[in-house]
Amino acid sequence: MITPAYAHGGPPLQGFLRATAEDFEVEEVLGFEPDGTGEHVFVLVEKRHANTEWVAGQLARAAAVQPRSVSFSGMKDRHAVTRQMFSVQLPGREGPDWTKLDIEGVKVLSASRHSRKLKRGVHRENRFRIRLTRLEGNRAAAEECLGRIASHGVPNYFGEQRFGREGGNLTSARVLFAGGRMGRSQRGFALSAARSHVFNCVLSDRVGGRSWNQALEGEVWMLGGTHSIFGPQPLDDELLRRMNRFDIDPTGPLWGRGELRSSGKVAEIETGIALDSGFSAGLEAADLRQERRSLRVMPAGFSAKWESGDSLLLEFSLPSGCFATSVIREVCSTNTDCN
């Protein structure tokens, strides 16, 4: 697992993240409301010190259904206070009194019927409220860094949690690609980690070359706020204008089988790094198809407020699939001490 390059000069602050769970709040925003009818119950919960999959299991037990009947859009941090939706399939029958469930660290906020199950990755964004504490460092430099984040965004790295404790998911990927056998869940984590590692290596190289938010020949573009891509095509003034106003973003590879879509200088960078990673052949053999991910992300509604001499409150939103730690790392080198 690499230490990715910094886009804004390296963090000017050092401090603590998640000194308490309340210092890291996440609110999932679906982008739509339950329609009020159907065989699925959408259960909105607030959880503290609780793993998303564990909560799903507890909801299944409370509703007397199989675990596969409970679904959610995204995994949320355990060491945090998070609000997210779960769906429970209950065709033709009522469920429990959801607001009276007694699950440690979990409070049910609402429950509504919907005609479809909640699928992975369908939520629009996550809203974050993060407090950094016991800060030391250069406050003036931090203010400059925060300004650059607000105006230029940050590299869209996959966060450390994608790779497991001490990079354990990457170790599993190496075992898997060497012919090892493992369960479906572990295999999924391993493949995701390997793919994310290749992407992070490509992005780190582009950050080091100061091209993560610039256009190179052979670029594949993603429309802002979507997963739709186009290109490569010859660079012109209109493309550059669209990039500068964040209408489109340059992308990097989520490695898999099939032809790499980029060309020219971009394809040269991506192919070389993927081969050097040692994971490209295994990802292709796993039958994952080539996909793309934006190289940059702009935190929406970004604000930073000094609460005291050594505490900083950050508030912002990120699209589904983006990591708050990729914002935090640019301004603060953190230790974690969650209680």
Side-chain angles (χ1 to χ4, degrees), residues 4-10 29 31 121 123-128 141 143-158 196 198-255 259-274 290-304 314-324 326-331:
Y6 294 99
H8 300 301
V29 180
H123 65 288
R124 186 180 67 201
E125 64 184 17
N126 293 303
R127 293 174 181 157
F128 297 92
E143 292 285 359
E144 292 181 8
C145 182
L146 291 166
R148 288 193 293 271
I149 291 171
S151 59
H152 299 291
V154 297
N156 193 20
Y157 290 121
F158 287 99
S196 300
V198 174
F199 177 88
N200 275 7
C201 288
V202 169
L203 178 50
S204 184
D205 183 86
R206 298 229 7 204
V207 171
R210 300 189 178 185
S211 66
W212 66 282
N213 58 355
Q214 302 296 322
L216 299 179
E217 289 293 341
E219 206 78 74
V220 180
W221 300 96
M222 182 171 289
L223 292 172
T226 76
H227 296 289
S228 299
I229 60 174
F230 68 95
Q233 63 187 60
L235 295 178
D236 57 27
D237 290 342
E238 178 58 21
L239 274 179
L240 297 179
R241 280 193 294 269
R242 294 181 68 189
M243 180 189 69
N244 289 334
R245 64 176 182 253
F246 287 88
D247 180 41
I248 59 175
D249 298 304
T251 64
L254 297 175
W255 206 264
E259 184 178 355
L260 187 65
R261 181 151 178 168
S262 59
S263 63
K265 180 62 176 178
V266 174
E268 179 183 333
I269 293 171
E270 294 175 351
T271 302
I273 289 174
Q290 287 277 359
E291 295 179 299
R292 307 294 294 185
R293 174 180 170 92
S294 174
L295 293 182
R296 62 182 186 174
V297 61
M298 174 63 77
F302 184 79
S303 70
L314 302 177
E315 296 185 86
F316 55 89
S317 298
L318 293 175
S320 170
C322 299
F323 289 77
S326 293
V327 178
I328 296 166
R329 72 184 299 272
E330 293 289 336
V331 71

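- Remark: side-chain polar atoms of H8 are paired, donor with acceptor, to backbone N or O of G153 under 3.5 angstrom.
- No side-chain donor-acceptor contact under 3.5 Å links Q290 to the backbone of R261.
- Between the side chain of Y6 and the main chain of R329, no donor-acceptor pair closer than 3.5 Å is present.
- The existence of a salt bridge linking R242 and E219 is excluded, since no basic side-chain nitrogen approaches an acidic carboxylate oxygen closer than 4.0 Å.
- Of the inter-residue distances, the one linking W212 atom CH2 with S294 atom OG reads 9.5 Å to the nearest 0.5 angstrom.
- The environment of CZ in R210 is sparse: at most 12 heavy-atom neighbours from other residues, nucleotides or ligands sit within 6.0 Å.
- Just one of T251, D249, N156 meets the side chain to side chain donor-acceptor pair (under 3.5 Å) condition when paired with R293; it is N156.
- For the pair V207/P4, no side-chain contact is recorded, criterion being any heavy-atom separation below 4.5 Å from C-beta on.
- The cationic atom of R296 (NZ for Lys, CZ for Arg) lies less than 6.0 Å from the six-membered ring centre of F246 and within 45° of the ring axis.
- Taking 4.5 Å as the limit, some side-chain heavy atom of P250 sits within range of a side-chain heavy atom of W221.
- The structure places OG of S326 at 9.5 Å from CZ of F158, a figure rounded to the nearest 0.5 Å.
- Residues F128 and L314 are not in side-chain contact: their nearest non-hydrogen atoms beyond the backbone lie 4.5 Å or more apart.
- Across all non-hydrogen atoms, the minimal contact from G121 to S320 is O-OG, 3.9 Å.
- For the atom pair OH (Y157) and CD (E330), the distance works out to 7.0 Å, reported to the nearest 0.5 Å.
- Rounded to the nearest 0.5 Å, atoms OG (S317) and CZ (R124) are 8.5 Å apart.
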Worked check of side-chain contact (heavy atoms from CB on, under 4.5 Å) between V327 and F302
CA-CA 10 Å; V327 178; F302 184 79; 4.0 Å; yes
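- Heavy atoms only, all atoms of each residue included: G252 and L295 are closest at N-CD2, 3.5 Å.
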Pairs under 3.5 angstrom only: tabulate donor-acceptor contacts from the side chains of residues 264-272 to other protein residues two or more places apart or in another chain.
residue: E270; atom: OE1; partner: S262; partner atom: OG; Å: 2.7
residue: E270; atom: OE1; partner: R292; partner atom: NH1; Å: 3.1
residue: E270; atom: OE2; partner: R292; partner atom: NH2; Å: 2.8
residue: T271; atom: OG1; partner: A267; partner atom: O; Å: 2.9

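- Residues L146 and A304 share a closest heavy-atom pair of CD1-CB, 3.8 Å.
- Across all their heavy atoms, L318 and C322 have their closest contact at CB-CB, 4.0 Å.
- To the nearest 0.5 Å, atoms CD (Q214) and CG (L240) are separated by 8.5 Å.
- In this structure, the side chain of S204 does not engage the main chain of N200 through any donor-acceptor pair within 3.5 Å.
- For CD of E259, the number of neighbouring non-hydrogen atoms (other residues, nucleotides, ligands) closer than 6.0 Å is 12 at most.
- For the atom pair L239 CG and D247 CG, the distance stands at 10.0 Å (nearest 0.5 Å).
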side-chain contact (heavy atoms from CB on, under 4.5 Å) evaluation trace for F323 with V297
CA-CA 10 Å; F323 289 77; V297 61; over 6 Å; no
